[in-house]
2 protein chains.
Amino acid sequence: MPDDRDMLDERSIKVLWAVIHSYINNPDPVGSRYVTRKYAFDFSPATIRNIMADLEDMGFLSQPHTSAGRIPTDKGYRFYVENLMDEMEENVSVHEELIESLTKRLDDLREDIYTLLDETTRTLSTHSHYLGIAVSPGPDGSTLRRIELFPYSDDRIAVILFTNEGIIKHKILKNSFSFSRNDLNKIARYLNREFSGYTIKEIRRCLFDEMARDKALCDSLISRALSLCGDVVACYGSNVFISGLSEILELPEFSDVEKVKELSRTIEDKHAVIKLIDSLANEEGVQVIIGTENTIEEMKAMSIIASTYKEGDKPAGVVGIIGPTRMDYSSAISLVDVTARYLTKILDEGGRQWRRER
Amino acid sequence: MPDDRDMLDERSIKVLWAVIHSYINNPDPVGSRYVTRKYAFDFSPATIRNIMADLEDMGFLSQPHTSAGRIPTDKGYRFYVENLMDEMEENVSVHEELIESLTKRLDDLREDIYTLLDETTRTLSTHSHYLGIAVSPGPDGSTLRRIELFPYSDDRIAVILFTNEGIIKHKILKNSFSFSRNDLNKIARYLNREFSGYTIKEIRRCLFDEMARDKALCDSLISRALSLCGDVVACYGSNVFISGLSEILELPEFSDVEKVKELSRTIEDKHAVIKLIDSLANEEGVQVIIGTENTIEEMKAMSIIASTYKEGDKPAGVVGIIGPTRMDYSSAISLVDVTARYLTKILDEGGRQWRRER
DNA sequence: GCTTAGCACTCCCCATGGGAGAGTGCTAAT
DNA sequence: ATTAGCACTCTCCCATGGGGAGTGCTAAGC
């Protein structure tokens, strides 16, 4: 909202920033006297009071009750994130430490992205003291690298799926036919030739078309191969990783048990979380969702910082931080940014040799 | 403690049972008047008071403060679990419902034990309203069914491990040699011939012996095969699944946030949980650990009901429930019992055709 | 006209204290 | 051995009131 930006003079902006800055560090309503003293304004508390009253009228601040100090509204935080954060603060890059910690913890895991993401959420949460969250690539983020088949028991076969992103999925399929190992090798070769390099989503669509079109075509091995592939690809979904509950419980926001219950119910519901995060999956760079901007009722008191990590130049999955609206946006944002870039780099190194021109 | 049993006459036992029964349903200290009325004793409150005072002297009950009612001690619960539970209560088998729910949710998952166990904890927690917990088979619970190898990239190979318990582990190994697919097939055949049917732990020991003994023997393919196998087997560990935090937060025990923090810290530490559970892994039947009997400091206020599930007749992993000491032991125990048996059955059906005589 | 000092006012927070209620232990009577 | 009666203890709840922090408004000052 560039309008808002224009509505505020230098002085108001400074006051708004001071209130938010103070409130982020300490969740007490901020009073006029405190602002003048702590932030060394050349005005008396009375002047600051007038300014704060104006800011409240404009919707940037609010009062818990008459005769308490002001606290930022979601709109206030939004303004802060968009206009104030960078210019008011020299962005201290304490991120060497983070990168070091990421490197140390993640470097061995680059072949197994699920463990990798799980560890990532741990690192995010210990560094931010909020919830760390990660979503693994879904059907349109994962590119098939290879598929392997072999007999598992008399009537079952094992399918192993490798993707460029380092995801390894296995599935045991019950099959009415019994395939010889040779058959399976042939099928695997066929599927690899046909589908590797495509995303799971593309493969799904392709299978769908193929089957619709070629019902007549009855090369039985191929049609069996396709249906096999369909079975595996059908249940391909994102995984969600969240950690740091004990971190976030330390915040005064969660001294009320009801809040804790609400939060734990929400994050136990993976579907809700995926829905929440997926809307961000196609945006570039770090996304910030503040409080009520959120779609999930139980999360209206929380903010989300998220960014996609990529495989090649295609968005794969999402990493982020969930914390209270009173969040240290500045460091949270750079934390998420650095982490997403780091994951992208890891995937890049792992996937380079495999990426296929199309 | 058979001594205790003898120390208590019929009447005292009835009172003890009444106090525990009442307290389990409602966490208020139980008074003498309440006991006489609610449990239809033929004595006056004064008599009950005397009995309760005796029970307190013997350590079965305690008072939060003078002039409050009595609450059970851990020793009281222990006595209840060992002597009173079965005889005082007709064990209502509401477990058709549970089995149905297990069947519905788990039947499709029998080939993937991790998802299976995860769902199991969910079922356990929704039925008990406590925490559901499951530990997957560790090195001495898992029997190798099959090992598969194939090239993954120039300098890496993929190893897939199947166990009788339905565990499928994959690992990407960086290797200084480059193996041809043919080599890998040979190696896999060799390893399967040599090791399938043995537990991971046995394989570890065996590898160790072999390598020590046959350092001289330098059939290079075999020695490479062994070292390959060693790499995979080395990092084989148990997984822990826990769910139902939001269930357990509903209990009045957790109206204090400190308690919640403590609990969430504890269950976030998988190592501690494994340590806690592993001690039970070799016992038969359902185990009950009450409050301070526990080794972990933060869990002294909790009880654990756990049972091993088996593969064949060998204990594989553990399932259980974690709740407050004031737990509905009776139904928790049969819940865990039924669940463990069900898992055993599923494993049995999946593994029968594969079990190998030795 | 902007700024500020002064002041009355509002509202939260917390310590205090008293009363109701529940339950006990003891004693004396049955 | 059991029980009625009673004094006593302790918690919980609520009402009360003072202290403190902060506001809004008004009128005076630059």
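Since we're looking at a predicted model, the values are computed, not measured. Here is the naming used below: chain letters follow the sequence lines, and residue numbers restart at 1 for every chain.
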Sub-3.5 Å pairs of nitrogen or oxygen atoms, protein against nucleotides 1-7 of chain C:
residue : atom : partner  : partner atom : Å
dT3(C)  : OP1  : Arg11(A) : NH1          : 2.7
dT3(C)  : OP2  : Arg11(A) : NH1          : 3.1
dT3(C)  : OP2  : Arg11(A) : NH2          : 3.4
dT4(C)  : OP2  : Ser44(A) : N            : 3.0
dT4(C)  : OP2  : Thr47(A) : OG1          : 2.6
dG6(C)  : O6   : Arg49(A) : NH2          : 3.4

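- Contact annotation: Thr66(A) reaches the phosphate of dC11(C) (side-chain N/O to OP1 or OP2, under 4.0 Å).
- No donor-acceptor pair closer than 3.5 Å links the side chain of Arg70(A) to the backbone N or O of Leu61(A).
- The shortest distance between the side-chain N/O atoms of Arg37(A) and the OP1/OP2 oxygens of dG22(D) is not below 4.0 Å.
- The nearest whole Å value for the distance from the CD1 atom in Ile48(A) to the P atom in dG24(D) is 13 Å.
- Rounding to whole angstrom units, CG of residue Asp28(A) and P of dT23(D) are separated by 13 Å.
- Of the candidates Ile290(B), Ile304(B), Ile305(B), Val81(B), Ile305(B) is the only one forming a side chain to side chain contact (heavy atoms under 4.5 Å, CB included) with Met327(B).
- dG25(C) atom C1' lies 15 Å from atom CD1 of Ile51(B), rounded to whole Å.
- Looking only at side-chain heavy atoms (C-beta outward), Ile322(A) and Met299(A) come within less than 4.5 Å of each other.
- Side-chain proximity of Gln63(B) to the nucleotides dT9(D), dT24(C), dT23(D) is greatest for dT24(C).
- Atom OH in Tyr34(B) sits about 14 Å away from atom P in dT24(C), given to the nearest Å.
- In this structure, CD of Glu56(B) is placed 15 Å from P of dG23(C), rounded to the nearest angstrom.
- OP1 and OP2 of dT24(C) both lie 4.0 Å or more from every side-chain N or O belonging to Arg33(B).
- Between the side chain of Ser12(A) and the backbone N or O of Leu8(A) there is no donor-acceptor pair closer than 3.5 Å.
- Nearest to the side-chain atoms of Ala53(B) among the listed nucleotides dG25(C), dT9(D), dG24(D) stands dG25(C).
- Computed from coordinates, the Asp57(B) CG to dG25(C) C1' distance equals 12 Å when rounded to whole Å.
- The structure places CG of Leu245(B) at 11.0 Å from CZ of Arg265(A), a figure rounded to the nearest 0.5 Å.
- Tyr329(A) and Tyr77(A) have tilted rings, their planes meeting at an angle from 30° to 60° on a 0 to 90° scale.
- Rounded to whole Å, the distance from CZ on Phe41(B) to P on dT3(D) is 13 Å.
- The side chain to side chain contact (heavy atoms under 4.5 Å, CB included) test applied to Ser101(B) returns Arg105(B), Thr123(B), His127(B), not counting sequence neighbours.
- Checked by distance alone, Ser67(A) brings no side-chain donor or acceptor within 3.5 Å of a matching partner on the base of dT23(D).
- One interatomic measurement links the two molecules: CE of Met52(B) to C1' of dT24(C), which rounds to 10 Å at whole-angstrom precision.
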